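Presented below is the structure to which this report refers.
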Amino acid sequence: MATAPQAIVALPDISRAVFEWVESVRKLTQPSSVYWCEGSASEIRELTAQLVRSGELTALNAQQFPGCLLARSSPSDVARVEHLTFVCTRSKDDAGPNNNWMAPDEAHAKMRALFSGCMRGRTLYVVPYCMGPLDSPYARCGVEITDSLYVVLNMNIMTRIGRPALELIAHTESFVKGLHSIGELDPARRFIVHFPEELSIESFGSGYGGNALLGKKCHALRIASYQARTEGWLAEHMLIVGLENPRGETHYVAAAFPSACGKTNLAMLIPPASMPGWKVYTVGDDIAWLHPGSDGRLWAINPEAGYFGVVPGTNPETNRNAYEMIRRDTLFTNVALTADKQPWWEGLKSGTPVIDWQGRPYDPSRGPAAHPNARFTVTAKRNPGYSAHTEDPMGVPISALVFGGRRREVAPLVYQARDWTHGVLVGASVASETTAAAVGQVGVVRRDPMAMQPFCGYNFADYWRHWLEMGAKLRKPPPIFHVNWFRRDAAGRFLWPGFGDNLRVLAWMLDRAAGKAAATDSPIGFLPRAEDLNVSGLSINSEALHELLTVDRTLWRKETADMRQYLKQYGERLPAALLDQLAGVESRLNA
Ligand code: OXD
Ligand code: MN
């Protein structure tokens, strides 16, 4: 018997709560039309074609880079703006010294004035999205309203947009409200504000990824970290990578590094030829949502569906998989062009730039051809190392947690925290040289605890307490490590080759986790001896290896004093356990 075709419910009729919010924003922003995104492939093709017709996107060389497009930002809108990013909790102390704070009423009034009538003559796009696999109990949904089609196309790659997300919202009755307008792209009228207590985000005046793709940093880190604290999980700035050893056993590692410090490269690592039998699978390259599992272990999902990665430096030697991945169906932002419209960037090692990232004839005296923070947006499924477990609703079990920073000196290649509590101090102590991912001076060392300085949606003191409590809940907490791939010698040369050879360090960690590898007990934690690392086939001299694995007590005394000073600002709220751990390191250094 034939069944009657099911009537398709119009998108605005799926969730009353979403419809009412869209209506209130429509009245405020006064767009000429409202477009609800269905999320189908044909719709995305049509929206893309619109941007190519309008000249906002340039189609790249179709033979060499099929399906690839180039977008150019306004030159003053090329990175995250931490100084214009606010967390607006009722109490200032709940945002903490780690955030810029504004009172919610003041922030609402400021943003209302900016958004008022800002979409006149424009289309308002409604983008329902899901962070995490649609069938995962850990997934969370949001709706981004934006007047930028470029943002819609990026959100389509980075998240799961459209009807299924809206249906999930109607079912769960909960969603994060994200309101975005590019405004006039005027840095003087640019604000990215978060209301964690209201589960809402308002972003005005920027079209750049971290400021404008609200599912990413704003939702999946700032709002999610706040939600995670009340719900008993962690939202972290971490990649998730699966490592299969030659015996066929796969273990997953989650690793936090500050922006533009190689998370995507580590997540997509290519094993060196001298480590046959190892395989690497990527689950995520930027964000991990970690939950205690019923088995006492820590489990992780990647809330994102794509990569928004740094382009410069990518080449077949540094990361063959990334290089292959971005040769088709990739949206490039702020790269240069060759004469035959192939994308070009510093570190590519082939081709010649003719047009720079601003669309001008390339002139080396004006700086690099591609912007140092030029990006690719690409679906994770294009990654040749895409893990078959990426979409597992419960995620993957984590065997080791890693923190790292970019430091010329002080931090050795790797060390292991003595236990979870010490590991929280190790994470809280991360310091790193700043990069082009955020507006500001590049190369200055700053504290970036857990690589979350720009992304934690509440007071770090409460966040560290939450980390300590999470550890207490885990019957089998993963060991915690710290790495530094960026140590230099006196002449400024990198001591460690990095990239694929980082697997040597990861392999030691997994052996430590399994209780199989040796280490020496140092004042800052457990370090491998040179003979504990697999360096076969690696051309590194023994002095360099020795330097990489040495703790300089004088530098570390300065480091712990600096850390003590840094922690002071968190006052009474700081968990005493962290100061106890710090005192332990100090006394071992002085012993
Ligand atoms: C990013 C960042 O874009 O951290 O991932 O800035
Ligand atoms: Mn990031």
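Read the numbers this way: they start at 1 and go in the same order the structure lists the ligands and their atoms. Small disclaimer: the values here were computed from a predicted structure and weren't measured.
- Listed by atom number, the atoms of ligand 1 under 4.0 Å from Ala437 heavy atoms are 6 (O).
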Task: Verdict with reasoning, Arg229 to Glu469, per salt bridge (charged side-chain N to carboxylate O under 4.0 Å, His left out) - done: CA-CA 10 Å; Arg229 179 180 170 222; Glu469 286 165 3; over 6 Å; no
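- Between the side chains of Asn502 and Trp496, a donor-acceptor pair is found at a separation under 3.5 Å.
- In terms of protein heavy atoms, atom 4 (O) of ligand 1 is closest to Ser259 OG, 2.5 Å.
- Per-residue contacts place Phe455 under 4.0 angstrom from the following atoms of ligand 1 (heavy atoms of the residue considered): 4 (O).
- In this structure, His237 counts as a contact residue of ligand 1, since one of its heavy atoms falls inside 4.0 Å of the ligand.
- Heavy-atom proximity to Asp286, at under 4.0 Å, picks out these atoms of ligand 1: 5 (O).
- Scanning all protein heavy atoms for the shortest distance to atom 3 (O) of ligand 1 gives Arg375 NH1, 3.0 Å.
- The protein atom (non-hydrogen) at minimum distance from atom 6 (O) of ligand 1 is Arg80 NE, 2.9 Å.
- Residues passing the side chain to side chain donor-acceptor pair (under 3.5 Å) test with His291, sequence neighbours excluded: none.
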Open item on the list: Checking Val143 against Val126 for the side chain to side chain contact (heavy atoms under 4.5 Å, CB included) test, could you report, in this order, the C-alpha distance in whole Å, the side-chain angles of both residues, the deciding distance, and whether it holds?
Closed with: CA-CA 7 Å; Val143 177; Val126 181; 3.7 Å; yes
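- The shortest contact between atom 5 (O) of ligand 1 and any protein heavy atom is with Lys217 NZ, 2.9 Å.
- For the residue pair Tyr129 and His219, a side-chain donor N or O sits within less than 3.5 Å of a side-chain acceptor on the partner.
- Using a 4.0 Å cut-off to heavy atoms of Lys216, the atoms of ligand 1 that qualify are 5 (O).
- The OD1 atom of Asp286 and the NZ atom of Lys217 meet at the Mn ion (ligand 2) at an angle of about 100°, given to 10°.
- By the 6.0 Å and 45° rule, Arg488 stacks over the aromatic ring of Phe494.
- Pairing each heavy atom of His180 with each of Leu214, the nearest pair is CB-CD1, 3.9 Å.
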